[in-house]
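First the structure, in the form of C-alpha cells, and then the observations on it.
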Amino acid sequence: MADLHVTIDRAKGAIAGQIACELRESIRLGRLEPGTRLPASRDLAADLQVSRGVVVEAYEQLVAEGFLVSRVGAGTHVARALEPAPPRPVVEPGADTECPYYGHRPTSPDLSGFPRQRWLASVRHVLTTLPSDAFDYADPAGVVELREELAGYLRRVRAADVRPDNLVIVGGVAQALSLVLAVLGAGLKLAIEDPTSVRQVPLLRRSGAELVPVPVDGEGLRVDRLPAAGAALVTPAHQYPTGVVLSPRRRTALVEWAHAHDAFVLEDDYDAEFRFDRDPVGCLQGLAPDRVILAGSTSKSLAPGLRLGWVVAPPDLAAQLQRARAEFDLGSPVIDQYALAHFMHTGGYDRHLRRMRREYRTRRDVLVRALAEHLPEVRVRGIQAGLHAYLELPATWDENALVAAARGLGLPAEAVGPLRSTPGPPAIVVGFARFPAHRTAAAVQGLKVRMSGQTID
C-alpha cells in the first residue's frame, strides 16, 4: 500500500477536487505506478483530517475517469493500463522556439493599420441588429450576406466569374487548400512553383499530395515544364518569393494545359489587393471558371488573425467543398462573417485598402531608393505589387549573412535558398509593410556597413 503525499488548502474549498487533482497528477507523472494500491478511504481521511465522504468522492471521481479501479474486498488500485506521461521538455529562456507561421515575416502586413474603429462599428451593428437565430450554426458554406458581398467584390475588383452559390467561406487560404486537396483525393500529383513558400509545403504534403516542383522565371511558372498532373498551385498575381506576375501568354498556356490534362489550377490570389504601378491584373479564374479554383483571404488586406477567406470553384466542386466544410468543422464563426459583410457593404473595406495601398507604396519607394543609393550591387525585383521585395545578390554574397544582418537592424528578411528545390543564385526577400519609412534609409545603410565587414552601434 502506498503512502500518499497529498496537500490540501481548506481556504480554496472543493477539497475532494483538490485530492483528485493531486492523485491524478501523481498517476500521470508515474509517482503512483500502475497497480499501486491506495490507502483505504478511512485511513486517508484520518491522515488529511477530513471526512471520509470527501475521500470517497475523490476516489469515485478518478474511478469514473479510468485512473483508478475499485473492487469490494480488494481495495482501490491505480489502473494497470495507464502509462506515465513523458516528461515535458524544458525550454530555457531565450531558446529558439520560432514557428514558421508566427512572428514578424517579410509577408506580414502592418497590423497597426487595422481599422479598429470601423471594424468595431460593424461588430456593434451586427450585435445590435441581428436576430438571435442568426447566431445559430450557419450554412457551412458561409452566411449568405458575406457570400453576396464577396461575390460582388470579386466580380468588380478581380474580374472573377463568381456567384454566391459557388463561393465557400473558409478560415484562410491554408484551409482552402486543405479542403480542395481533400475533395480532389489523396495521392493527387500537384505541381507547385519553384521557389515557393516553405510554409505551405507541410500542409500540402499532409493533405496527401505528391508535390512536383516546376521552375519560375521572369514570366512566372514555366508552363512548358509542367508534367501531367491532377492540379497546379500558382500565385499569378504576385509570386512568392520572386514577386513575378504571371505573363499573359503563360496564363493562356496554363489554361490550355489544364484542359488538355483534365486538371485543375489552384489559384492562390496572393497579394492581389496591393498592386502599385498599374491596375490589378484580373484573376485567372475569370479566364477559365470551369478549370480554376480561386482562393483568397483577408490575411494581408486586414489581419491574419481574423482567419477569414474564401474559395471560388466550379459548381460541382463547390458543392463538394460545402459538404466537406460541414463534415470537418461546421463552418466559420458567424459574428465575424456578418461583421465583414457589413464592413464591405458600407465601403469600409475599399477605403481601408486604398489607404494601406498608398502607405505601402510609400514604404516600397523609400526602400527601393535606399537600396539604389547604398547597395547598388543588389538588383531589386518583384516590386510592382505586394508587401515584399526580391533582392538578387552578387554571386559572392552570403544570403544567410545578409538575412541575419537585416534582422539585426529590424528588417524582416528571409533567405531564398531554402525555398528552392534546385540550387540558384543568392537572393533574399525583404518585407517593407511593417517597417517605418523614416527608418528605412538608416537600416539599409547599416546593411551596407555590416556587409563590408564593419560594425555599427
Side-chain angles (χ1 to χ4, degrees), residues 101 107 109 136-155 157-158 160-186 188 190 197 199-209 231 233-235 237 240 264-273 283-285 289 292-344 349:
Y101 284 100
T107 58
D136 202 346
Y137 292 109
D139 185 333
V143 301
V144 173
E145 289 84 347
L146 179 55
R147 285 188 283 140
E148 289 175 343
E149 289 294 335
L150 277 170
Y153 172 82
L154 293 171
R155 286 194 299 268
V157 176
R158 302 297 297 126
D161 185 346
V162 54
R163 301 175 305 281
D165 57 357
N166 71 319
L167 187 152
V168 181
I169 304 299
V170 292
V173 171
Q175 187 181 47
L177 296 177
S178 296
L179 281 172
V180 170
L181 292 176
V183 167
L184 294 182
L188 177 79
L190 177 66
S197 170
R199 286 178 283 274
Q200 281 189 337
V201 171
L203 178 152
L204 300 174
R205 286 181 174 152
R206 183 174 290 275
S207 298
L233 173 60
V234 296
T235 51
Y240 188 84
F264 287 104
V265 176
L266 279 57
E267 179 179 14
D268 179 352
D269 213 19
Y270 178 77
D271 276 348
E273 305 90 347
C283 67
L284 195 62
Q285 188 271 347
V292 180
I293 303 165
L294 175 68
S297 77
T298 60
S299 293
K300 299 292 187 295
S301 59
L302 288 172
L306 282 178
R307 307 314 304 140
L308 281 173
W310 49 88
V311 185
V312 178
D316 290 347
L317 187 59
Q320 295 180 60
L321 292 173
Q322 292 171 11
R323 287 195 296 272
R325 191 75 212 273
E327 294 166 357
F328 285 172
D329 60 7
L330 303 181
S332 296
V334 295
I335 294 176
D336 289 342
Q337 290 187 67
Y338 282 119
L340 180 58
H342 180 267
F343 189 60
M344 299 182 79
Y349 191 67

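Treat the numbers as computed from the prediction; the structure is a model and nothing was measured.
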Quiz item: Counting only N and O atoms by type, is there a donor-acceptor contact under 3.5 Å from the side chain of Arg155 to the main-chain atoms of Val162?
Solution: yes
Quiz item: Have Tyr349 and Ser301 got a donor and an acceptor in their side chains that come within less than 3.5 Å?
Solution: yes
Exercise. Using a 4.5 Å cut-off on heavy atoms from C-beta on, say whether the side chain of Arg325 contacts that of Ser332.
Key: yes
Self-check item: Gap between atom CG of Leu181 and atom CG of Leu190 - 0.5 Å precision
Solution: 6.0 Å
Quiz prompt | Minimum side-chain heavy-atom gap Leu233-Gln200 below 4.5 Å | solution = yes
Exercise. For Ala326 and Pro140, work out which heavy atoms get closest and say how close.
Key: CB-CG, 3.5 Å
Quiz item: Got a donor-acceptor contact below 3.5 angstrom from the Ser297 side chain to the Val173 backbone?
Solution: no
Self-check item: Donor-acceptor pair, side chain of Gln322 and main chain of Ala141, under 3.5 angstrom
Solution: no
Practice problem: For the residue pair Asp161 and Val312, establish whether any side-chain heavy-atom pair is separated by less than 4.5 Å. | Solution: no
Quiz prompt | Asn166 side, atom CG; Gln285 side, atom CD - distance, nearest 0.5 Å | solution = 7.0 Å
Quiz prompt | Min side-chain heavy-atom separation Arg199-Tyr240 under 4.5 Å | solution = yes
Quiz item: With a 4.5 Å heavy-atom cut-off, do Val311 and Leu179 have their side chains touching?
Solution: no
Quiz item: side chain to side chain contact (heavy atoms under 4.5 Å, CB included) between Arg147 and Trp310: does it pass, once the steps are laid out?
Solution: CA-CA 9 Å; Arg147 285 188 283 140; Trp310 49 88; over 6 Å; no
Self-check item: Smallest separation among heavy atoms of Pro315 and Arg163, with atom names
Solution: CG-NH2, 3.8 Å
Quiz item: Does Leu321 reach the side chain of Val170, with side-chain heavy atoms less than 4.5 Å apart?
Solution: no
Quiz prompt | Check: Val144 and Asp139 side chains under 4.5 Å, non-hydrogen atoms | solution = no
Quiz item: Can you name the nearest heavy-atom pair linking Pro109 to Ser299, along with the distance?
Solution: CG-O, 3.5 Å
Practice problem: Rounded to the nearest 0.5 Å, what's the gap from CD on Gln337 to CD on Glu145? Could you check? | Solution: 9.5 Å
Quiz prompt | Atom pair CD1/CD of Ile169 and Gln175 - distance to nearest 0.5 Å | solution = 11.0 Å
Quiz prompt | Atom pair CG (Leu184) and CD1 (Ile293), whose distance is rounded to the nearest 0.5 Å | solution = 5.5 Å
Quiz prompt | Beyond-backbone contact of Asp336 with Leu340, side-chain heavy atoms, under 4.5 angstrom | solution = no
Quiz item: Measuring from Leu294:CG to Leu284:CG, what's the distance to the nearest 0.5 Å?
Solution: 9.0 Å
Quiz item: Considering all heavy atoms of both residues, which atom of Ala151 and which atom of Leu167 are nearest to each other, and what is their separation?
Solution: N-CD1, 4.0 Å
Exercise. Tell me, with the steps shown, if Thr107 and Tyr270 meet side chain to side chain contact (heavy atoms under 4.5 Å, CB included).
Key: CA-CA 10 Å; Thr107 58; Tyr270 178 77; 2.9 Å; yes
